[in-house]
Amino acid sequence: MIAKPILMQDEKSDDGDQANRGTSVITRTKPKTKRPNLYRVLLLNDDYTPMDFVIHILERFFQKDREAATRIMLHVHNHGVGECGVFTYEVAETKVSQVMDFARQHQHPLQCVMEKK
């Protein structure tokens, strides 16, 4: 927090004499907010999860349109890893958990991880 001092002049009593001999300092604090850390959510390639399933994951959990989902899926397929999005810690953690649970329910070994950006 940043404190900005405000100086008040000596006050005078009703009869004109100075009541206080010192200077008063009042501070106002202005909160300095910090941006939250961001995390990349990544899909990892495997040899068993169907491409259509990966596209479905990207559309359902990351709100990607068909074209963007296909582009990310192909990147994962060709490079071994692909970024689904960048989120705050809590959101990234939730998305990773949702993807992993959904993949397991459908008996696919798809891996989804997060890393600090």
K.L.:
Applying side chain to side chain contact (heavy atoms under 4.5 Å, CB included), name anything that partners E67, two or more places apart in sequence or on another chain.
P.N.:
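Checked E67 against side chain to side chain contact (heavy atoms under 4.5 Å, CB included); matches are D65, R71.
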
K.L.:
Would you call V96 and V41 a side-chain contact if the rule is heavy atoms closer than 4.5 Å?
P.N.:
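A side-chain contact under 4.5 Å exists here.
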
K.L.:
In Å, rounded to the nearest 0.5 Å, how long is the span from NZ of K95 to CD1 of I57?
P.N.:
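It is 11.5 Å, given to the nearest 0.5 Å.
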
K.L.:
Tell me the closest heavy-atom pair linking N45 and V76, and the distance in Å.
P.N.:
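Reported closest heavy-atom pair: CB-O, 3.3 Å.
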
K.L.:
Who pairs with K116 by side chain to side chain contact (heavy atoms under 4.5 Å, CB included), at least two apart in sequence or on another chain?
P.N.:
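For K116 the side chain to side chain contact (heavy atoms under 4.5 Å, CB included) partners, ignoring immediate neighbours, are N37, Y39.
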
K.L.:
What pairs with E93 under side chain to side chain donor-acceptor pair (under 3.5 Å), at least two apart in sequence or on another chain?
P.N.:
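With sequence neighbours excluded, E93 shows a side chain to side chain donor-acceptor pair (under 3.5 Å) to Y89, given in chain and number order.
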
K.L.:
Linking I/L/V/M/F/W/Y whenever any side-chain heavy atoms sit under 4.5 Å apart, do V91 and V113 land together?
P.N.:
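No, V91 and V113 fall in different hydrophobic clusters.
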
K.L.:
Is there a chain of hydrophobic side chains (I, L, V, M, F, W, Y, each step under 4.5 Å between heavy atoms) that links M51 to F61?
P.N.:
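M51 clusters together with F61.
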
K.L.:
Any side-chain heavy atom of C112 within less than 4.5 Å of one from L42?
P.N.:
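No, their side chains stay 4.5 Å or more apart.
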
K.L.:
How far apart are the closest heavy atoms of L43 and C84, and which atoms are they?
P.N.:
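Reported closest heavy-atom pair: CG-SG, 3.4 Å.
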
K.L.:
Tell me the salt bridge (Lys or Arg N to Asp or Glu O under 4.0 Å) pairs involving residues 36-63, sequence neighbours left out?
P.N.:
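Passing the test, one end in residues 36-63: R40-E83, R40-E115, E59-R66.
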
K.L.:
Could you tell me if the side chain of I72 sits less than 4.5 Å from the side chain of L74, heavy atoms only?
P.N.:
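When only atoms from C-beta onward are counted, I72 and L74 do not touch, as no gap falls below 4.5 Å.
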
K.L.:
NE2 of H79 to CG of L44: how many Å apart, nearest 0.5 Å?
P.N.:
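Reported to 0.5 Å precision, the distance equals 14.5 Å.
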
K.L.:
Rounded to the nearest 0.5 Å, how far apart are NZ of K64 and CD1 of I55?
P.N.:
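Reported to 0.5 Å precision, the distance equals 13.5 Å.
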
K.L.:
Taking ring-ring contact (aromatic ring centres under 6.0 Å, His included) as the definition, give me every residue that meets it alongside F62, ordered by chain and number, with sequence neighbours left out.
P.N.:
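Scan of F62 (ring-ring contact (aromatic ring centres under 6.0 Å, His included), adjacent residues dropped) gives none.
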
K.L.:
Enumerate donor-acceptor pairs with a distance under 3.5 Å from any side-chain N or O in residues 99-107 to protein atoms, sequence neighbours excluded.
P.N.:
{"unit_1": "R104", "atom_1": "NH1", "unit_2": "H108", "atom_2": "O", "d": "2.5"}
{"unit_1": "R104", "atom_1": "NH1", "unit_2": "L110", "atom_2": "O", "d": "3.4"}
{"unit_1": "R104", "atom_1": "NH2", "unit_2": "L110", "atom_2": "O", "d": "3.1"}
{"unit_1": "H106", "atom_1": "ND1", "unit_2": "F102", "atom_2": "O", "d": "2.9"}

